[in-house]
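Some notes on the structure that comes next.
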Amino acid sequence: MNTLQIEESLQKLIGNNIEYSRAGGAAGSILLINTDNNNSIWVWCYWEILHSGEMIATADDDTTANVGKIAIAAKQLEGRRIKRIELTPHSYDLHLYIADEYELILNCESQPAEENYPLNNWELSIKDLKIHYCVTCNFTVIQKKL
């Protein structure tokens, strides 16, 4: 799979409003974002949320449900529009620029040598294209039809 396909699909997120953004509690640092167009991003890798250039939470912060640092920061993305997206070729790091000076940065991680089961960094589902992408910890992309 070439990087161009996932880049083109990511562009479908531009202009979408984030309807739902959650992390914390039993999900730990796993971040789920759903948009008003029924598109979604699941994040298992290391992530950071910034506001006006200041770090407000990372995947390593307090995961307490509802009141933990990551739960509060994730919820702040709701109701905001995705303005721009950048994808780093080969490593698939992802940077979302969101309205009101918010940013979401995903830093992909490699597969731990001791882990026998393949792990994922993040997944993207674009409903109108009926396509799903999974970025693995081996820096490969698995593409499936929905």
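Along the sequence shown, the residues carry numbers beginning at 1.
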| message | Enumerate the salt bridge (Lys or Arg N to Asp or Glu O under 4.0 Å) contacts for residues 97-124, please, sequence neighbours excluded, ordered by first and then second residue. | response |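 For residues 97-124: R80-D100.
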| field | Residue pairs fulfilling salt bridge (Lys or Arg N to Asp or Glu O under 4.0 Å) with at least one residue in residues 134-146, sequence neighbours excluded | value |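 Applying salt bridge (Lys or Arg N to Asp or Glu O under 4.0 Å) to every pair that reaches into residues 134-146, excluding sequence neighbours, yields nothing.
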With [X] via side-chain contact (heavy atoms from CB on, under 4.5 Å) - residues at least two apart:
{"X": "L129", "value": "S9, K12, I126, I131"}
{"X": "E54", "value": "none"}
{"X": "K83", "value": "R81, A99"}
{"X": "A65", "value": "none"}

Rounded distance [0.5 Å steps], [atom1] in [X] versus [atom2] in [Y]:
{"X": "K127", "Y": "L146", "atom1": "NZ", "atom2": "CG", "answer": "5.5 Å"}
{"X": "N16", "Y": "N37", "atom1": "CG", "atom2": "CG", "answer": "4.0 Å"}
{"X": "H95", "Y": "L106", "atom1": "NE2", "atom2": "CG", "answer": "9.5 Å"}
{"X": "L87", "Y": "L94", "atom1": "CG", "atom2": "CG", "answer": "6.0 Å"}
{"X": "C137", "Y": "N121", "atom1": "SG", "atom2": "CG", "answer": "4.0 Å"}
{"X": "I72", "Y": "I56", "atom1": "CD1", "atom2": "CD1", "answer": "10.0 Å"}

| message | My understanding is that only one of T58, I70, L104 makes a side chain to side chain contact (heavy atoms under 4.5 Å, CB included) with I49; could you say which? | response |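 Exactly one candidate clears the test, L104.
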Shared hydrophobic cluster for [X] and [Y] (ILVMFWY, side-chain gaps under 4.5 Å):
{"X": "I14", "Y": "I33", "result": "yes"}
{"X": "Y92", "Y": "I30", "result": "no"}
{"X": "L32", "Y": "V135", "result": "no"}

| Taking only residues two or more places apart in sequence or in another chain, which ones pass salt bridge (Lys or Arg N to Asp or Glu O under 4.0 Å) with R22? |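 Once residues adjacent in sequence are excluded, the partners of R22 under the salt bridge (Lys or Arg N to Asp or Glu O under 4.0 Å) criterion are E78.
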Please table the atom pairs, donor to acceptor, closer than 3.5 Å between any side-chain atom in residues 40-48 and protein atoms at least two apart or in another chain.
from: Y46; atom 1: OH; to: E48; atom 2: OE2; distance (Å): 3.1
from: W47; atom 1: NE1; to: S29; atom 2: O; distance (Å): 2.7

| Do any pairs count as a side-chain hydrogen bond (donor to acceptor under 3.5 Å, both in side chains) and have a residue in residues 59-72, sequence neighbours left out, and if so which ones? |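 Sorted pair list: D62-T64.
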| request: Please lay out, stage by stage, how L96 and L77 fare under the test side-chain contact (heavy atoms from CB on, under 4.5 Å). | output: CA-CA 11 Å; L96 281 75; L77 301 179; over 6 Å; no
| Should side-chain heavy atoms under 4.5 Å link Ile, Leu, Val, Met, Phe, Trp and Tyr, which residues sit in the same cluster as Y97? |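 Its cluster partners, ordered by chain and number, are none at all.
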| said: Checking one residue: M55. Which other hydrophobic residues are in its cluster under the side-chain 4.5 Å linking rule? | reply: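 Same cluster as M55: L50, I105.
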| query | Restricting to pairs with a member in residues 51-85, which pass ring pair (Phe, Tyr, Trp, His ring centres under 6.0 Å), not counting sequence neighbours? | reply |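 Qualifying pairs, neighbours excluded: H51-Y102.
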